[in-house]
Amino acid sequence: MNIERIGEKQVAITGIGQSEVGRPSALSAMQLTVDAALEAIEDAGLKKSDIDGVACWPGDNNNGSAFSPVGPNALISTLGLNVNWFGGGYEGPGPLAGVINGAMAIAAGLCDHVLVFRTITEATQRQTDKTATALSNKTVGRDTSFFWQWYTPYNVQSAINLAALYAQRHSYEYGTRSEQLGQIALTCRANAALNPKAVFREPLSMEDYLSSRLISTPLRLFDCDVHCDASTAIVLSRKDIAKDCRNPPITLEAIGSALNQPWSWEQIDLTGMAAIDAASMMWARTDLGPADVGSAQLYDGFSIFTMIWLEALGLCGRGESGEFVEGGSRIALNGQLPINTNGGQLSGGRTHGLGYVHEACAQLWGRAGARQSHAHDVAIAASGGGPLAGSLLLVKNR
Amino acid sequence: MSRKLPALTADTCHFWQGGAEGQLLIHFCPDCQRYFHPPSPVCPSCCSNRVGPKAVSGHGQIVSYTINYQQWNPTLDIPYVVAIVELDEQPGLRLLSNIVNCPTEQVSIGLQVRVCFERYEDIWLPLFEVQT
Ligand SMILES: [Zn+2]
């Protein structure tokens with residue numbers, strides 16, 4: 001591929017921001033969003049009048065759900081922004097779709113500085129309605145959803161039932177054991193202990209993990225991410241003007257957004273998901289490779305997704321993630337490949353997608369405080385499970 | 001066991017109602033000579049619109065499964081088994097269903113299963129039980 005045709009290389013992350021992470025938070029969804037957005041703009045050394053684009057995944061879909069209570073329309077009005085381009089929407093390559101869309105808008109010359117954000121208030125929602133997120137409640141009456149109608153009649157009530165099918169198959173094909181899945185949870189908890197914002201910071205032992213209740217075999221309570229109220233924002237800038245911003249620009253070296261299988265949870269590769277498509281696209285757009293990666297923030301909505309991303313991205317061999325993570329030394333903060341350094345979603349909180357990008361940048365900039373890993377210039381943020389998958393290769397000083 | 005029921009369309013009604021005649025109806029493309037699922041108005045391989053429902057044996061094997069223990073709502077009978085079944089007619093011809101009428105500890109990957117139907121209003125829900 002002609003490198004000049006790879007538009008994301010003309011785009012850099014110049015600022016990051018995040019609200020408080022509450023379980024729940026007393027702040028409104030819009031307050032959380034404003035806090036994250038203004039912090040990111042300030043961090044980039046920009047003024048709000050510099051922002052001429054806004055992107056969000058999934059946006060508020062006209063229903064203000066706790067899954068995404070604030071979309072671009074509302075934030076533009078609230079901050080009084082003047083934009084050349086803005087967009088949101090659920091359909092796309094997973095929770096990083098807002099970043100990918102924003103980068104495309106810059107590469108297409110529509111804007112210079114795009115604010116990308118993601119707000120979620122599922123902790124507040126679950127105070128009053130624990131069943132609100134059940135899949136059968138997504139539609140009223142008969143299930144008219146093109147995809148969920150194949151699952152809800154069988155009482156697939158949460159994505160965990162689908163993730164569990166992948167975990168069971170992974171175990172069958174590769175011998176992956178509970179202790180190996182559990183290591184993802186333990187590593188996240190150990191990192192969360194060093195992150196003042198993390199939701200769960202008290203120690204978690206393998207005994208705690210193995211004695212936690214089964215939700216959907218082989219997955220247990222601690223294989224599931226934790227709901228929170230939070231907003232995360234980043235600023236994407238045209239790379240040629242990013243050098244004038246406050247931070248060393250972090251280039252979007254390569255995007256992975258491919259889907260070469262049906263958009264389906266059961267018709268795809270059960271141990272590779274759409275992650276294998278996104279990852280192979282990403283590596284085809286760069287001369288860097290897995291050995292260059294210094295840290296990886298890998299989607300852990302459920303622990304098995306992190307294992308599958310490790311393999312899909314070539315950070316370990318196919319089927320070898322269990323052995324790779326066992327004992328935790330390779331993926332620890334001081335290991336060869338630190339992962340989910342802020343505690344991930346399993347312990348840090350389900351900021352859902354953009355939190356991984358925020359943390360990847362914090363690590364690259366050396367601003368992660370007590371949880372800072374070794375100095376490095378190349379990081380991965382990857383997000384999504386099942387047919388949702390997107391990945392970013394982020395490089396400082398390139 | 002309470003269940004959310006699917007909306008019926010011209011594309012999907014055969015799958016959900018074939019059980020009225022005791023048949024599992026899966027969409028088939030005569031141009032590719034291949035089945036596909038879920039049903040749709042065109043073949044996902046060749047875009048032929050000559051597709052339509054065709055009865056299959058209802059025999060298959062479990063590709064993966066999970067035993068759900070979570071009480072997502074008060075009307076669920078837990079535990080229950082969610083599984084991906086691959087039908088004997090064609091490698092990779094999969095659908096998601098429940099494994100019923102057997103103790104959960106008997107379920108395993110590779111187990112041979114066959115379709116059975118449970119009626120809810122105008123839906124004959126395809127479920128699977130262990131072949132004996
Ligand atoms: Zn065909």
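In what follows, chains carry the letters A, B, and so on, assigned in the order in which the sequence lines appear, proteins first and then strands, with residues in each chain numbered from 1. Note that the structure is a prediction, hence the values are computed from the model and not measured.
When each of T12(B), T9(B), L127(B) is checked for heavy-atom pairs under 4.5 Å with chain A, T12(B) comes out on top. Of all the listed residues (S264(A), G141(A), A134(A)), the one sharing the greatest number of non-hydrogen pairs under 4.5 Å with chain B is G141(A). When I84(B), V82(B), I109(B), I123(B) are compared by the number of non-hydrogen pairs under 4.5 Å with chain A, I109(B) comes out ahead. When the candidates L270(A), V156(A), T144(A) are compared by the number of heavy-atom contacts under 4.5 Å with chain B, L270(A) comes out ahead. Most heavy-atom pairs under 4.5 Å with chain B: of the set Y172(A), W148(A), F147(A), this distinction falls to Y172(A).
Heavy-atom neighbours of N62(A) CG from other residues, nucleotides or ligands within 6.0 Å: at or below the threshold of 12. Enclosure of atom CD in E323(A) is not indicated, since only 12 or fewer non-hydrogen atoms of other residues, nucleotides or ligands lie within 6.0 angstrom. Within 6.0 Å of CD on Q127(A) lie more than 12 heavy atoms contributed by other residues, nucleotides or ligands. Other residues, nucleotides and ligands place no more than 12 heavy atoms under 6.0 Å from the CD atom of E21(B).
Contact annotation for L93(B): neither backbone nor side-chain heavy atoms come within less than 4.5 Å of a heavy atom of chain A. With a threshold of 4.5 angstrom between heavy atoms, V63(B) approaches chain A through its backbone and through its side chain. Using a 4.5 Å cut-off between heavy atoms, P74(B) makes no contact with chain A at all. In this structure, no portion of S171(A) lies under 4.5 Å from any heavy atom of chain B. For L219(A), no part lies near chain B; criterion is any non-hydrogen pair under 4.5 Å. Of the atoms belonging to L162(A), it is side-chain heavy atoms, and not backbone ones, that fall under 4.5 Å from chain B. Contact of E118(B) with chain A is not made at all, since no heavy-atom distance falls under 4.5 Å.
A distance-only check finds no donor-acceptor pair linking the side chain of D143(A) to the backbone of L5(B) [under 3.5 Å]. Y65(B) places no side-chain N or O within donor-acceptor distance of the main-chain N or O of Q168(A), the cut-off being under 3.5 Å. When atom types are taken as modelled, the side chain of K4(B) and the backbone of Y151(A) share no donor-acceptor pair closer than 3.5 angstrom. When atom types are taken as modelled, the side chain of Q70(B) and the backbone of S216(A) share no donor-acceptor pair closer than 3.5 angstrom.
A distance of 4.5 Å separates CG in N161(A) from CG in N68(B), rounded to the nearest 0.5 Å.
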**Item:** Candidate pair W72(B) and N155(A), rule side-chain contact (heavy atoms from CB on, under 4.5 Å), full reasoning
**Value:** CA-CA 9 Å; W72(B) 301 105; N155(A) 279 311; over 6 Å; no
**Request:** Kindly indicate, with the supporting measurements, whether the criterion side-chain contact (heavy atoms from CB on, under 4.5 Å) is fulfilled by T217(A) and Y69(B).
**Result:** CA-CA 8 Å; T217(A) 61; Y69(B) 287 100; 3.6 Å; yes
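In this structure, Y80(B) and Y154(A) approach most closely via the heavy-atom pair CE1-O, 4.0 Å. The heavy-atom pair separating Q157(A) from N73(B) by the smallest distance is NE2-ND2, 4.1 Å.
The aromatic rings of W16(B) and W150(A) sit parallel, their planes meeting at an angle under 30°, below the 60° perpendicular limit.
Between R142(A) and D122(B), at least one side-chain N (NZ, or NE/NH1/NH2) sits under 4.0 Å from a carboxylate O, which counts as a salt bridge.
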Using atom types as modelled, flag every donor-acceptor pair under 3.5 Å from a side chain in residues 37-49 of chain B to any protein atom, sequence neighbours excluded.
from	atom 1	to	atom 2	distance (Å)
S40(B)	OG	V42(B)	O	2.8
S48(B)	OG	D31(B)	OD2	2.5
S48(B)	OG	R50(B)	N	3.0

